[in-house]
Number of protein chains: 2
Amino acid sequence: MQLRMTNQREMILRELKKSKGHLTADELYERVKKFMPRISLATVYRNLEILSDVNMIRKLEISGRQKRFDSELEDHDHIYCVECHRIENLEISKNQVELPVEDAHGYTITGRRLEVTGVCPRCQKKIAKTKKQ
Amino acid sequence: MQLRMTNQREMILRELKKSKGHLTADELYERVKKFMPRISLATVYRNLEILSDVNMIRKLEISGRQKRFDSELEDHDHIYCVECHRIENLEISKNQVELPVEDAHGYTITGRRLEVTGVCPRCQKKIAKTKKQ
DNA sequence: CTCCTTGTGATAATTGTTTTCAACAGTAAG
DNA sequence: CTTACTGTTGAAAACAATTATCACAAGGAG
């Protein structure tokens with residue numbers, strides 16, 4: 001099954017790449033809507049699913065409610081701010097999180113995901129301010 | 001603020017401990033209902049939230065699916081089966097996943113979560129079988 | 001006992017996502 | 001150029017998980 005690049009599909013991909021971030025489906029929907037006012041949210045969801053199926057983008061399943069999508073395919077982990085839910089990339093060398101396979105209960109390991117939580121610099125400042133008052 | 005142990009609360013906690021697993025709210029609901037047929041799912045959600053707020057249980061946010069709850073408070077990670085969504089504990093020594101704080105974009109790190117995905121032994125067998133056919 | 005707080009069950013509302021479906025291209029064959 | 005086929009779209013409904021609302025019952029404090 002080969003992938004046809006429809007206008008919508010292309011636009012979604014382009015906007016995701018442009019943002020360089022980790023957008024949710026509806027954030028992306030809002031952006032694409034500026035160029036294609038009649039596009040539907042379902043189309044965004046559909047195409048994000050398709051694009052991640054063919055590995056053109058990456059679907060992040062990060063704690064919190066919404067799924068996020070990333071145009072960066074390289075293997076990397078994420079840090080996310082528990083205050084403002086901002087997400088950023090983390091470059092952690094793979095061998096730093098080498099897994100003890102013998103403890104894996106007989107599982108065939110297909111992947112690992114490391115998620116670091118913290119408070120981003122901006123929110124640290126905000127918190128510092130509110131404490132002063 | 002002190003926690004009152006209502007019958008429902010106690011039952012939910014008891015069933016979660018009894019299971020030793022990582023139950024979703026509605027799995028727990030089904031179990032508790034056997035003893036308290038009139039309990040409502042909302043009560044289960046409510047109390048799981050409360051119990052994890054006071055650190056009597058742990059809320060797991062895995063893979064964007066349903067939240068799961070764990071009566072095991074010790075710090076540990078999880079491996080979960082991409083086929084059947086079974087979840088098991090992983091004992092990974094902390095220093096094996098030591099983080100390079102200097103890469104953390106200025107974040108104050110509050111936690112980390114490692115999730116390993118794989119195929120459990122049971123599902124490996126299942127897959128082997130279907131391939132034979 | 002009355003007042004006040006809290007917890008409860010039932011149900012509605014909300015949120016995020018997926019499915020359905022009729023209309024509509026794009027392509028390939030006849 | 002028709003016909004048939006395939007995949008895509010937008011709109012709306014369906015769905016699943018969770019949370020909020022609300023009337024009411026239970027259990028103190030005074």
Side-chain angles (χ1 to χ4, degrees), chain A residues 1-16 21-54 56-70 80 82 84-85 87, chain B residues 1-16 21-54 56-70 80 82 84-85 87:
Chain A
M1 186 259 269
Q2 63 138 43
L3 184 70
R4 239 162 69 187
M5 257 305 160
T6 63
N7 292 339
Q8 287 86 339
R9 195 119 72 212
E10 195 155 33
M11 178 67 78
I12 288 163
L13 185 58
R14 187 159 70 79
E15 284 303 305
L16 185 57
H22 311 84
L23 300 182
T24 60
D26 63 291
E27 282 167 353
L28 208 38
Y29 172 58
E30 288 305 323
R31 296 185 186 213
V32 171
K33 220 163 49 171
K34 286 178 186 151
F35 303 95
M36 296 180 147
R38 294 186 56 76
I39 198 172
S40 113
L41 180 56
T43 302
V44 176
Y45 271 108
R46 235 182 330 238
N47 284 313
L48 286 172
E49 204 55 45
I50 291 169
L51 289 169
S52 75
D53 279 354
V54 299
M56 295 185 70
I57 63 174
R58 208 149 82 93
K59 176 160 48 162
L60 310 178
E61 309 220 27
I62 300 244
S63 57
R65 16 191 106 291
Q66 277 163 285
K67 282 182 192 118
R68 287 176 178 273
F69 297 85
D70 192 349
Y80 96 106
V82 293
C84 66
H85 309 117
I87 296 180
Chain B
M1 181 263 266
Q2 63 137 41
L3 185 71
R4 241 164 68 187
M5 257 306 161
T6 63
N7 291 339
Q8 286 87 340
R9 195 120 73 208
E10 194 155 33
M11 178 67 77
I12 288 163
L13 186 58
R14 188 158 70 79
E15 284 303 304
L16 185 57
H22 311 84
L23 301 181
T24 61
D26 63 291
E27 281 166 355
L28 208 37
Y29 172 57
E30 289 306 322
R31 296 186 185 211
V32 171
K33 220 163 48 172
K34 285 177 187 151
F35 304 95
M36 296 179 148
R38 296 186 54 76
I39 198 171
S40 118
L41 180 56
T43 301
V44 176
Y45 271 108
R46 233 183 331 239
N47 284 313
L48 286 173
E49 203 55 45
I50 291 168
L51 288 169
S52 73
D53 279 353
V54 299
M56 295 185 70
I57 63 174
R58 207 149 83 95
K59 177 162 45 164
L60 310 177
E61 308 216 31
I62 300 238
S63 314
R65 320 187 136 265
Q66 271 163 290
K67 284 184 191 116
R68 287 176 178 274
F69 297 85
D70 192 348
Y80 97 106
V82 292
C84 66
H85 309 117
I87 296 181

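We use all heavy atoms of the structure for the numbers below, so side chains are in, but hydrogens, waters and symmetry mates are not. Letters A, B, ... are given to chains in the order of the sequence lines, protein chains preceding strands, and every chain is numbered from 1.
Rounded to an integer number of Å, the gap from B:Ile50 CD1 to D:dT19 P is 12 Å. Atoms CG (B:Asn47) and P (C:dT6) sit 15 Å apart, rounded to a whole Å. Atom CZ in B:Arg9 sits about 11 Å away from atom P in C:dT6, given to the nearest Å. Residue B:Gln8 contributes atom CD, which lies 11 Å from atom C1' of D:dA26 at whole-angstrom precision. For the pair B:Leu60 CG and D:dT18 P, the computed distance is 12 Å after rounding to whole Å. Regarding B:Leu48, its CG atom lies at a distance of 10 Å from the P atom of D:dT18, rounded to whole Å. A:Leu51 places its CG atom 17 Å from the P atom of D:dG7, with the value rounded to the nearest Å.
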Enumerate all atom pairs, one protein N or O and one N or O from nucleotides 27-29 of chain D, separated by less than 3.5 Å.
none

Protein-nucleotides 13-22 of chain C N/O pairs under 3.5 Å:
residue, atom, partner, partner atom, Å
C:dG16, OP1, A:Gln66, OE1, 3.2
C:dT17, OP1, A:Lys67, N, 2.8
C:dT17, OP2, A:Tyr45, OH, 2.3
C:dT17, O5', A:Tyr45, OH, 3.2
C:dT20, O4, A:Arg46, NH1, 3.4

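Here the closest non-hydrogen pair linking B:Leu13 and B:Ile57 is CD1-CG2, 3.6 Å.
Phosphate contact (OP1/OP2 of D:dG7, side-chain N/O of A:Thr6, threshold under 4.0 Å): absent. Note on B:Asn7: every side-chain N or O is 4.0 Å or more away from OP1 and OP2 of C:dG7. Listed pair B:Thr43 / C:dT8 fails the phosphate criterion, with no side-chain N or O lying under 4.0 Å from OP1 or OP2.
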Show me the side-chain donor-acceptor pairs of residues 34-51 of chain A shorter than 3.5 Å, one per line, residues at least two apart or across chains.
residue, atom, partner, partner atom, Å
A:Ser40, OG, A:Ala42, N, 3.1
A:Ser40, OG, A:Thr43, N, 3.4
A:Thr43, OG1, A:Arg46, NH2, 3.1
A:Asn47, OD1, A:Arg9, NH1, 2.6
A:Asn47, ND2, A:Thr43, O, 3.0
A:Glu49, OE1, A:Lys59, NZ, 3.3
A:Glu49, OE2, A:Lys59, NZ, 2.8

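Every residue meeting the salt bridge (charged side-chain N to carboxylate O under 4.0 Å, His left out) condition with A:Lys33, not counting sequence neighbours, appears here in chain and number order: A:Glu30. Qualifying side-chain hydrogen bond (donor to acceptor under 3.5 Å, both in side chains) partners for B:Glu15, counting only residues two or more places apart in sequence or in other chains: B:Lys18. Scanning for side-chain hydrogen bond (donor to acceptor under 3.5 Å, both in side chains) contacts around A:Gln66 gives A:Asp26, with sequence neighbours left out. For B:Glu10, there are no salt bridge (charged side-chain N to carboxylate O under 4.0 Å, His left out) partners two or more places apart in sequence or in a different chain.
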Would you sketch DNA chain D in dot-bracket for me? Only Watson-Crick or G-U wobble pairs with both distances under 3.5 Å count, crossing pairs as [ ], other-strand pairs as |, the rest as dots.
||||||||||||||||||||||||||||||

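Panel note: side chain B:Arg68, backbone B:His22; a donor-acceptor pair is recorded below 3.5 Å.
Within residues 30-38 of chain B, the residues approaching DNA chain C are B:Arg38, by heavy-atom distance under 4.0 Å.
Distance check, rounded to the nearest 0.5 Å: CG of B:Leu16 to CG of B:Asp70 gives 7.0 Å. Rounding to the nearest 0.5 Å places OG1 of B:Thr6 at 10.5 Å from CE of B:Met11. Here the CG-CD1 distance, from A:Leu60 to A:Ile87, works out to 6.5 Å after rounding to the nearest 0.5 Å.
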